[in-house]
Colleague: 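Questions regarding the structure given below will be posed in turn.
We count ligands from 1, going down the list as the structure has it; atoms in each ligand are counted the same way. Just so you know, these numbers use all the heavy atoms, side chains as well, and skip hydrogens, waters and symmetry mates.
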Amino acid sequence: MSDLWRRCLERLDGELGAEELHTWLMPLQARDENTGLQLFAPNPYTLDTVRDRYLPLIESVLLQLTGHALTVRLEVGSSAPRPAPNRPASAPSAARPAAGGAAPAQAAANFSHNLDPHYTFETFVEGKSNQLGKAAAMQVATNPGRAYNPLLLYGGTGLGKTHLMHAAGNLMRERNPDFKVLYLRSEQFVGSMIEALRAKSMDQFKQRFRSVDALLIDDIQFFAGKDTTQEEFFHTFNALFESKQQIILTCDRYPKEVDKLEPRLKSRLGWGLSVAIEPPDFETRAAILLSKAHDKGVDVSESVAMLLAKRIRSNVRDLEGALNTLAAKANFFRRPITTDFAEETLRDLLATHAQAVTIPNIQKIVGEYFNVRLQDLLSKRRVRSLARPRQMAMALSKELTEHSLPEIGEAFGGRDHTTVLHACRTIKKLSETDARMRQDWEQLIRTLTG
Ligand SMILES: Nc1ncnc2c1ncn2[C@@H]1O[C@H](COP(=O)(O)OP(=O)(O)OP(=O)(O)O)[C@@H](O)[C@H]1O
């Protein structure tokens with residue numbers, strides 16, 4: 001093992017819980033490189049988790065140990081010397097990354113219990129944006145194959161779809177430890193299939209996927225345009241469905257909107273329940289941050305959580321990334337995480353998130369969305385067709401920028417701050433009762449912050 005990595009692990013031993021260390025970091029193999037460290041993960045899932053959760057911490061420990069900012073490269077595979085390039089095509093291919101970056105045959109063998117133990121319902125923070133998704137996932141987990149089949153969770157990136165999917169799988173296995181849950185990303189399904197076709201082992205492939213109690217496939221939008229895969233998945237789906245084995249899928253949008261997905265597959269997906277996971281609102285973002293900080297043992301005050309939640313609206317993954325960076329830097333500099341420290345440490349990151357959201361930008365996007373001219377939006381005319389978009393734009397300005405009520409009023413044709421306050425309250429109330437209004441609000445937030 002690389003000596004540097006061994007020392008890094010020793011240091012991390014004091015920072016992370018034993019379970020985290022054993023689950024995610026000990027399985028990595030390392031090789032020293034001139035400019036840093038190359039880490040090899042046993043499968044793509046571990047790779048993503050290490051990259052998303054631990055990379056800033058690893059980098060900061062390496063900085064502490066060597067005094068240099070080292071590059072850490074992550075790859076699926078092994079640190080063993082690579083086979084000679086002229087190796088015969090039929091030689092075993094365990095360390096060779098295949099389509100989608102996975103080593104399919106090897107990875108598939110590990111899938112069955114590849115659920116992330118941290119992704120549970122207990123660690124999932126509920127808010128309006130994900131309430132329904134969480135409830136559906138819990139129902140499926142307590143009544144697999146019978147409540148909703150398939151359960152399809154869809155929505156933008158980093159909003160907790162994978163988390164919920166694992167949480168359902170973990171709960172199924174908690175209730176029945178013999179339950180066989182197979183989780184994989186759609187690229188891994190594709191990779192496994194290509195490998196099975198190459199190795200002429202399709203029967204084994206079919207058997208593997210059909211012998212599970214629950215099949216969880218992430219990001220099925222990647223099936224688009226891959227006709228053979230869709231065909232095979234379609235048969236797998238039917239076989240599982242008929243014998244009441246649970247299927248849970250995620251997609252980055254409503255599947256009917258995914259181009260190049262076969263109509264008969266789209267229709268099958270609609271047999272169960274499809275639930276949208278929306279971006280969390282401000283309160284939920286702050287609650288998620290506090291909960292993540294608590295889980296990681298990082299001391300973060302409410303005001304810091306509110307600062308990050310206010311400024312980072314894109315998705316939870318970005319929020320978590322900011323928290324990890326903050327924690328790693330606070331640890332490195334031995335400083336408490338105050339709002340000043342957070343502002344200073346995350347200056348560039350916060351600036352990137354702030355960039356797009358200005359009042360003129362909001363006015364422009366809202367105008368285009370409702371087909372209202374800018375001069376009408378800023379005018380004093382009170383007809384409903386102008387008043388609602390105007391109120392929406394004011395409320396968005398309050399939600400998405402740092403401007404005060406009087407400043408917002410000023411930017412909307414010199415209105416009083418009480419008018420802005422009234423607009424914010426009206427929109428908030430309406431979006432609680434009026435589904436259409438809520439959709440408009442969420443869509444606009446996505447457009448402005450995406
Ligand atoms: N409501 C929540 N409570 C706690 N953690 C959350 C919540 N929503 C998202 N997260 C966290 O955000 C991170 C990203 O979530 P996840 O990977 O599930 O997103 P996703 O919707 O599957 O994204 P993608 O489509 O890119 O795969 C995870 O670490 C997850 O734990």
Side-chain angles (χ1 to χ4, degrees), residues 16 20 23-24 44-57 100-102 114-138 151-171 183-189 216-224 248-255 257-258 274-296 298 300 305 308-309 312-327 442 446 450:
L16 299 169
E20 266 186 292
T23 312
W24 302 114
Y45 188 65
T46 305
L47 181 141
D48 284 353
T49 308
V50 171
R51 190 189 48 220
D52 292 350
R53 288 207 208 147
Y54 302 109
L55 200 52
L57 186 59
N114 206 1
L115 294 170
D116 183 334
H118 300 95
Y119 286 170
T120 62
F121 289 115
E122 287 76 37
T123 58
F124 190 81
V125 177
E126 186 176 322
K128 272 196 198 124
S129 56
N130 57 37
Q131 217 162 32
L132 209 58
K134 181 181 171 191
M138 282 184 99
L151 171 65
L152 182 109
L153 304 169
Y154 68 93
T157 188
L159 298 181
K161 302 184 298 295
T162 305
H163 187 135
L164 277 179
M165 190 181 223
H166 281 257
N170 281 322
L171 184 57
Y183 163 83
L184 69 165
R185 296 152 170 272
S186 55
E187 302 102 296
Q188 292 173 317
F189 186 89
L216 280 41
I217 302 198
D218 217 349
D219 290 326
I220 58 160
Q221 70 274 7
F222 286 111
F223 285 164
I248 309 182
L249 307 166
T250 71
C251 190
D252 71 349
R253 69 205 93 146
Y254 190 51
E257 289 165 15
V258 180
S274 302
V275 187
I277 308 291
E278 304 283 355
D281 56 18
F282 168 71
E283 287 82 2
T284 313
R285 291 199 298 278
I288 292 174
L289 259 172
L290 288 170
S291 148
K292 294 272 174 198
H294 180 262
D295 292 349
K296 291 174 205 281
V298 181
V300 165
L308 297 190
I312 302 176
R313 299 172 201 91
S314 44
N315 64 56
V316 182
R317 187 174 292 124
D318 288 351
L319 214 54
E320 213 178 332
L323 176 67
N324 287 343
T325 309
L326 209 52
E442 276 157 5
R446 265 200 295 273

Colleague: Side chain or backbone of R53 under 4.0 Å from ligand 1, or both, or neither, by non-hydrogen atoms?
Modeller: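 The answer is neither; R53 stays 4.0 Å or more away.
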Colleague: I'd like to know if the side chain of N170 reaches the main chain of D116, judged simply by a donor and an acceptor atom lying under 3.5 Å from each other, with no hydrogens or angles considered.
Modeller: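 Answer holds: yes.
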Colleague: Salt bridge or not between K128 and E283? Use side-chain N to carboxylate O under 4.0 Å.
Modeller: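 No, K128 and E283 are not salt-bridged.
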Colleague: With a heavy-atom distance limit of 4.0 Å, tell me whether T250 approaches ligand 1 through its side chain, its backbone, both, or neither.
Modeller: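 For T250, no heavy atom sits under 4.0 Å from ligand 1.
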Colleague: Which one holds for T162 and ligand 1: side chain close, backbone close, both close, or neither close, with close meaning a heavy atom under 4.0 Å?
Modeller: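 For T162, the contact with ligand 1 is made by both the backbone and the side chain.
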Colleague: Among protein heavy atoms, which lies nearest atom 6 (C) of ligand 1, and at what distance?
Modeller: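 Ranking protein heavy atoms by distance from atom 6 (C) of ligand 1, first comes V316 CG1, 3.7 Å.
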Colleague: Do the side-chain N and O atoms of D218 and T162 include a donor-acceptor pair separated by under 3.5 angstrom?
Modeller: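 Distance-only check passes for D218 and T162.
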Colleague: Under the 3.5 angstrom rule, does the side chain of K161 hit a backbone N or O of I277 as a donor-acceptor pair?
Modeller: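 No.
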Colleague: Run F121 and L164 through side-chain contact (heavy atoms from CB on, under 4.5 Å) and show every step you take.
Modeller: CA-CA 7 Å; F121 289 115; L164 277 179; 3.9 Å; yes
Colleague: Any non-hydrogen atom of K292 lying under 4.0 Å from ligand 1?
Modeller: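 Right, K292 reaches ligand 1.
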Colleague: Is I288 in contact with ligand 1, taking contact as a heavy-atom separation below 4.0 Å?
Modeller: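 The answer is yes, since I288 has a heavy atom less than 4.0 Å from ligand 1.
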Colleague: Among all protein heavy atoms, pick the one closest to atom 25 (O) of ligand 1 and tell me residue, atom and distance.
Modeller: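 Sorting protein heavy atoms by distance from atom 25 (O) of ligand 1 puts K161 NZ, 3.0 Å first.
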Colleague: For atom 26 (O) of ligand 1, what's the nearest protein heavy atom and its distance?
Modeller: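 So the nearest neighbour among protein heavy atoms is T157 OG1, 2.5 Å.
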Colleague: Who gets closest to atom 8 (N) of ligand 1 by heavy atom: D295, D318, L159?
Modeller: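 The option holding the nearest heavy atom is L159.
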Colleague: Got a donor-acceptor contact below 3.5 angstrom from the T325 side chain to the G321 backbone?
Modeller: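 Yes.
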Colleague: How far is atom 19 (O) of ligand 1 from the closest protein heavy atom, and which atom is that?
Modeller: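 Looking only at protein heavy atoms, the one closest to atom 19 (O) of ligand 1 is G160 N, 3.1 Å.
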Colleague: Main chain of T120, side chain of H163: is a donor-acceptor contact present, judged purely on distance under 3.5 Å?
Modeller: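 Checked: pair present.
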Colleague: Verify whether the ring centers belonging to F189 and F223 lie closer than 6.0 Å.
Modeller: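 Yes, close enough.
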Colleague: Among protein heavy atoms, which sits nearest to atom 1 (N) of ligand 1, and what does the distance come to when rounded to 0.1 Å?
Modeller: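 Of the protein heavy atoms, V125 O, 2.8 Å lies nearest.
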Colleague: Atoms of ligand 1 less than 4.0 Å from T123 heavy atoms?
Modeller: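 Near T123, meaning under 4.0 Å from one of its heavy atoms, ligand 1 has 3 (N), 4 (C).
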Colleague: Kindly say whether D219 contributes a backbone atom to a donor-acceptor pair with the side chain of S186 at under 3.5 angstrom?
Modeller: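 Here the side-chain-to-backbone pair exists.
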Colleague: Could you find the nearest protein heavy atom to atom 18 (O) of ligand 1 and give me its residue, atom name and distance?
Modeller: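 Its nearest protein heavy-atom neighbour is H163 N, 2.8 Å.
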Colleague: Do the side chains of T157 and R317 get nearer than 4.5 Å, heavy atoms only?
Modeller: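 Of all side-chain heavy-atom pairs linking T157 with R317, at least one is under 4.5 Å.
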Colleague: Record the part of D219 in heavy-atom contact with ligand 1 below 4.0 Å; permitted values are side chain, backbone, both and neither.
Modeller: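 The answer is the side chain.
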Colleague: Is the side chain of N324 donor-acceptor paired with the backbone N or O of D52 at a distance under 3.5 Å, no angle test?
Modeller: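 Yes; at least one donor-acceptor contact below 3.5 Å.
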Colleague: Who's the nearest protein heavy-atom neighbour of atom 23 (O) of ligand 1, and how far?
Modeller: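 Result for atom 23 (O) of ligand 1: G158 N, 2.7 Å.
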Colleague: Suppose we measure from atom 13 (C) of ligand 1 to each protein heavy atom; which comes out shortest, and what is that distance?
Modeller: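 Among all protein heavy atoms, the one nearest atom 13 (C) of ligand 1 is E320 OE1, 3.3 Å.
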Colleague: Which of the atoms in ligand 1, numbered in the order shown and given with their element, are less than 4.0 Å from a heavy-atom of N130?
Modeller: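 Numbered from 1, ligand 1 contributes 1 (N).
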